[in-house]
Structure formats: structure tokens, C-alpha cells
Amino acid sequence: MLAAMAIAGAALAQEPAPLKLTLRDAVALALKQNPQVILANLSVDQTREDRSVARAALMPQISGRASETVNRLNLEAAIGVKFPNFAQHVGPFWVEQFGPAFTAPVFDLTLWRRYRASQSGIDSARAQETSVREQSVLLVVSQYLGCQRAAADVAAAQSRVELADALHTQAADLQRNGVGTGIDTLRANVELQNEKQRLIVARTQLDTSLFGLARLLSLPPNQRVELADSVSFFETPAPSPDQTLERAFASRPELRQIQAEQTRATLEARAASDARLPRVTVSGFWAEQGLNSSNAIPVYQYQAGVEVPLFTGGRIQADRAKADITLRQLSQQEQEIRNRVTLEVKTALAQLASARSEVDVANLGVQLAREEVTQARDRFQAGVANNVEVIQAQDGLARASDNQIAALYRYNQARADLAHSTGQMESLYAQ
């Protein structure tokens, strides 16, 4: 028993202090250490290296060479004639050679097109990174809002438990004074137990929501999270649908990624067409050559070449056709994304307007429900009515509180959905 207590005490001692996070802190932490965001950053770095490889193909390539060879030649086989009184072979003899060599493209449009296509690849990767960051922010914001809703449920449930306990005490006091009845006290006690059960459920929901938030933030398993922000209402002006759509089409990273891919595919198509053009290259070497290093002399060879493709077996036509198919696919993908963005924007605008009205109605409902509880409690205290009215008023207050919390959650979630639909998640929640 003592050993178990010692182990439990050691575990508690090693548990870090709770991490208290605002919504902005949670978003910043997710953008810093979320695995999906890190992978997107690495993809951008990879495309930069691809550009470096494409650029290197445009540059001269210089290397150093050194060799030592042993030669023994068959004169009859080399010349095709046998000379009398001459040896059949020459050697063996050694030849040493060392020096630089180079090759450089002078005119090759395919290499230039591929280099420009690699630059578009970077733009595409950056847009994809932005898309991943936007999605990560949306997930964290939605989870944080869910945690705020769960925390508000806990606070409301705790308030209802305190109210139910006070009403149970009131009923018990009236019974002791001979004014109330046992059934009134029993009803109040049943309502108190119901509220306690709802509090337990609300606390469990809050714990599980916080666990989900910690997972999105890639926190250690033993790190507990606490919310620094409470649920609140942020007034958002009603935007114009047309202006919102225009902003979404200009800002959504998915559309910018498609546009970069279209530019890249266009350059790939031009590179396929340019493969029919001549290619000009220069190459050569300079070396010290001799039977040994003491009698080596400079030798060199420089050459320029022109290569014109005459027959490629249909490879150039196939490459061009593949590039055209890719362009048509990207065009269809762009149209699909535009349709999806339009739907998301219109849905978010409708939900935001609806949620704003829900908040107003829910706030009024809570105010009226509290007045009903007060009046029912006073009537019960005065002996005008039993506590059935009080219990009904409590249930009405519980429903009104739930409606208020749900309305605030839906409003803030609709606000986040609108920001995501217009590509403004990071600018709104991370800055």
C-alpha cells in the first residue's frame, strides 16, 4: 500500500504544470509544431532543391580527371597490314594524364523551360503549405471553441447545481416549519441529483475536449491544458456576398496552387514542343599527358556540337499530349474548387446570420428564464404554490442556458468557417 502511494506521489511530482493557452497561443503553437505543417514546410524546401537541380543543368559542368593506363597494341589488327621485319605488337607502355574537363549547354530551350517550371513548383508548394496551415488553424480553432463550449456547460451546470441545492434547502426548511410538504422536498432533491449528474457529464466532456486539443497541438501525453479565454461574442459586420466571393477567389490557397500548377504544366508543354529544336553544346578538356610525369606535355581537345532530333519514336508528341491532358485536368479541378468555395462562402454567410439571431434570442431566453425562477421561488416561499412551478422553471432555465451556450458556439464556429472559406484563418486568428 505504501509502495503504491509512493509511486502515485512520484507520478504526480513528475507531472508538469497545466499549460494555460489563449486561442491565439493555441494557434501559434499548432503552426509551430503540428506534424502536417512541418511536412508542408519540408515540401517547400524540397521544391527549392528541385529548382537548384534544374538551374544547375543550365550551368557549365567542370570536372577534374586523372588517369594512368597501360597499353599493348597489336599493329596488324590496328593497321590491317603485316610489315616484314616489324614486331607484331607495340608495348606495353604507360601513359599518365591529368587535367580539367568541361561541358556546357549553349542553346537548349528545354532546360530553360524546366527551370521556369521548377520555379512554378515552388509557388505551388507554398500555396499548398498555406492551405495546410489554414486547415490546421481551422481544426485548432474549432477544437478550442468546442472546449470553450464544454467549459461553459460546466459553469452552467455548476450554477444549476448551486441553485438546485438552494431550492432543496428552501423546501426542507419550509417542511420543517410546517409550511411545505415532503413531496416538495423530494422533488427538489430529485432535481438536485439530476443537476449533479449533468455536471459530471459536462466535466467529462470538457476533459475529452481538452485531450483532443492537446493532440492537435502535439503536446506530450502528460501535459494538461487549461483555457485562458472564455466563450464570448464578437460582433462581425454582415459582409456582402459578392465581395466575400471575390475575396475568397483571390485568397484561397487551393486556387493559387492550381494556378501555379497550370503555369508549370504550360511550361512543361512548351518544353515538350521545344524538344524538336536543335541543341548546341560545347565541351572539351586540357591535360598534361606523357609516358610519365617528367616528360608530360599539354594536350587539349575542344569541340562544339549541334544535335537535331529527326526521329524519336513519337516521344515528343506523347510528351506534348500528356502536358495538354494535364492542363485540361487542372482546368476541371479549378472549376470544381471554385464551385466548392462558392458553396462554403454562401453556407458560412447564412450560418453566421442565423447564429447572430440565435444569440439575441437565446440571451433574451436566459433573462426570461431567470425571472421565471425568481418568481416561482417567491411564490413557493409565500405558500401560494408548491415547488412544481419551481422545478419547471429550473428546467426552463437549463434549456435556456444550453440554448445560449449552443448559440454562442455556433456563432463563433460560423465566424471561423467564414474566415476559412475566404482564406483568412491565419490572418484572423494567428496575428
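Sequential numbering from 1 along the given sequence is applied to the chain's residues. A quick note: this is a predicted structure, and the numbers were derived from the prediction, not measured. Scope of the values below: all heavy atoms of this structure, side chains included, with no hydrogens, waters or symmetry mates.
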(request) Using the side chain to side chain donor-acceptor pair (under 3.5 Å) rule, pick out the option among Arg415, His420, Gln413 that qualifies with Asp417. (result) Gln413
(request) Check salt bridge (charged side-chain N to carboxylate O under 4.0 Å, His left out) between Glu96 and all other residues, then give those that pass, not counting sequence neighbours. (result) none
(message) Once salt bridge (charged side-chain N to carboxylate O under 4.0 Å, His left out) is applied, do any residues pair with Arg51, and if so which ones, sequence neighbours excluded?
(response) none
Strictly distance-based, threshold 3.5 Å: is any side-chain N or O of [X] a donor or acceptor partner for the main-chain N or O of [Y]?
X      : Y      : result
Asp153 : Ala202 : no
Asp165 : Val161 : no
Thr326 : Lys322 : yes
Tyr144 : Val27  : no
Ser209 : Gln205 : yes
Ser251 : Ala248 : no
Ser421 : Leu418 : yes
Ser136 : Val132 : no
Gln61  : Met59  : yes
Ser118 : Tyr115 : yes

Within the 4.5 Å heavy-atom criterion, are [X] and [Y] side-chain neighbours or not?
X      : Y      : answer
His168 : Thr185 : yes
Leu29  : Leu219 : yes
Leu408 : Ile405 : no
Pro241 : Leu245 : no
Val282 : Phe102 : yes
Thr244 : Lys346 : no
Leu227 : Leu213 : yes
Leu23  : Val141 : yes

Would you mind checking if [Y] and [X] are paired as a salt bridge, meaning a charged N to carboxylate O distance below 4.0 Å?
X      : Y      : result
Arg338 : Glu254 : no
Arg315 : Asp319 : yes
Glu336 : Arg340 : no
Glu195 : Arg198 : yes

(request) Decide yes or no on side chain to side chain contact (heavy atoms under 4.5 Å, CB included) for Leu31 and Glu426, but give the supporting numbers first. (result) CA-CA 9 Å; Leu31 293 177; Glu426 188 172 355; 3.6 Å; yes
Rounded to the nearest 0.5 Å, what separation is found between the [atom1] atom of [X] and the [atom2] atom of [Y]?
X      : Y      : atom1 : atom2 : result
Ile337 : Ile258 : CD1   : CD1   : 4.0 Å
Asn194 : Arg160 : CG    : CZ    : 11.0 Å
Leu192 : Leu167 : CG    : CG    : 9.5 Å
Leu397 : Glu372 : CG    : CD    : 9.0 Å
Glu134 : Gln424 : CD    : CD    : 7.5 Å
Asp108 : Trp112 : CG    : CH2   : 12.5 Å

(message) Consider side chain to side chain contact (heavy atoms under 4.5 Å, CB included). Of Val366, Val361, Val359, which one does Asn363 pass it with?
(response) Val359
For residues [X] and [Y], report the shortest heavy-atom separation together with the two atoms involved.
X      : Y      : value
Ala272 : Ile316 : O-CG2, 3.2 Å
Leu267 : Ser120 : CD1-OG, 4.0 Å
Ala101 : Phe285 : CB-CB, 3.8 Å
Arg320 : Ala269 : NH1-O, 3.1 Å
Ala127 : Arg256 : CB-C, 4.0 Å
Ala271 : Thr110 : O-CG2, 3.3 Å

(message) Tell me which pairs pass salt bridge (charged side-chain N to carboxylate O under 4.0 Å, His left out) where either residue lies in residues 260-281, with sequence neighbours left out.
(response) Arg113-Asp274, Arg279-Glu307
(message) Is a donor from one side chain sitting under 3.5 angstrom from an acceptor on the other, for Glu191 and Gln394?
(response) no
(request) Examine the side chains of Gln119 and Asp123 and answer whether a donor and an acceptor come within less than 3.5 Å of each other. (result) no
(request) Could you go through the side chain to side chain contact (heavy atoms under 4.5 Å, CB included) check for Phe249 and Thr342 one step at a time? (result) CA-CA 9 Å; Phe249 289 150; Thr342 301; 3.5 Å; yes
(request) Measure from NZ or CZ of Arg149 to the centre of the six-membered ring of Tyr409 and say whether it is under 6.0 Å with the direction within 45° of the ring axis. (result) yes
(request) Report the C-alpha separation of Asp402 and Arg399 in whole Å, then their side-chain angles, then the decisive distance to 0.1 Å, and conclude whether the salt bridge (Lys or Arg N to Asp or Glu O under 4.0 Å) test is met. (result) CA-CA 5 Å; Asp402 292 341; Arg399 289 193 300 271; over 6 Å; no
(message) If you count every heavy atom of other residues, nucleotides or ligands that lies below 6.0 Å from Gln46 atom CD, does the total exceed 12?
(response) no
(request) May I ask you to check whether over 12 heavy atoms, not counting those of Gln197, lie within 6.0 Å of atom CD? (result) no
(message) Using the ring pair (Phe, Tyr, Trp, His ring centres under 6.0 Å) criterion, which residues pair with Tyr300? Sequence neighbours excluded.
(response) Tyr302
(request) Could I get the full list of side chain to side chain donor-acceptor pair (under 3.5 Å) partners for Gln367, not counting sequence neighbours? (result) none
(message) Please evaluate residues Arg203 and Asp207 with respect to the criterion salt bridge (Lys or Arg N to Asp or Glu O under 4.0 Å), reporting the C-alpha separation (whole Å), side-chain torsions for both, the decisive distance (0.1 Å), and the verdict.
(response) CA-CA 6 Å; Arg203 284 174 174 167; Asp207 289 340; over 6 Å; no
Name the atoms and distances for all side-chain donor-acceptor pairs under 3.5 Å in residues 32-45, with sequence neighbours left out.
unit_1 : atom_1 : unit_2 : atom_2 : d
Gln33  : NE2    : Leu217 : O      : 2.7
Asn34  : OD1    : Gln36  : N      : 2.9
Asn34  : ND2    : Leu216 : O      : 3.1
Asn41  : ND2    : Val37  : O      : 3.4
Ser43  : OG     : Leu39  : O      : 3.1
Asp45  : OD1    : Arg48  : NH1    : 2.9

(message) Go through it in stages, so that I can follow the logic: the residues are Glu334 and Gln262, the test is side chain to side chain contact (heavy atoms under 4.5 Å, CB included), and I'd like the CA-CA distance, side-chain angles, deciding distance and then a yes or no.
(response) CA-CA 10 Å; Glu334 181 184 13; Gln262 287 175 332; 3.0 Å; yes
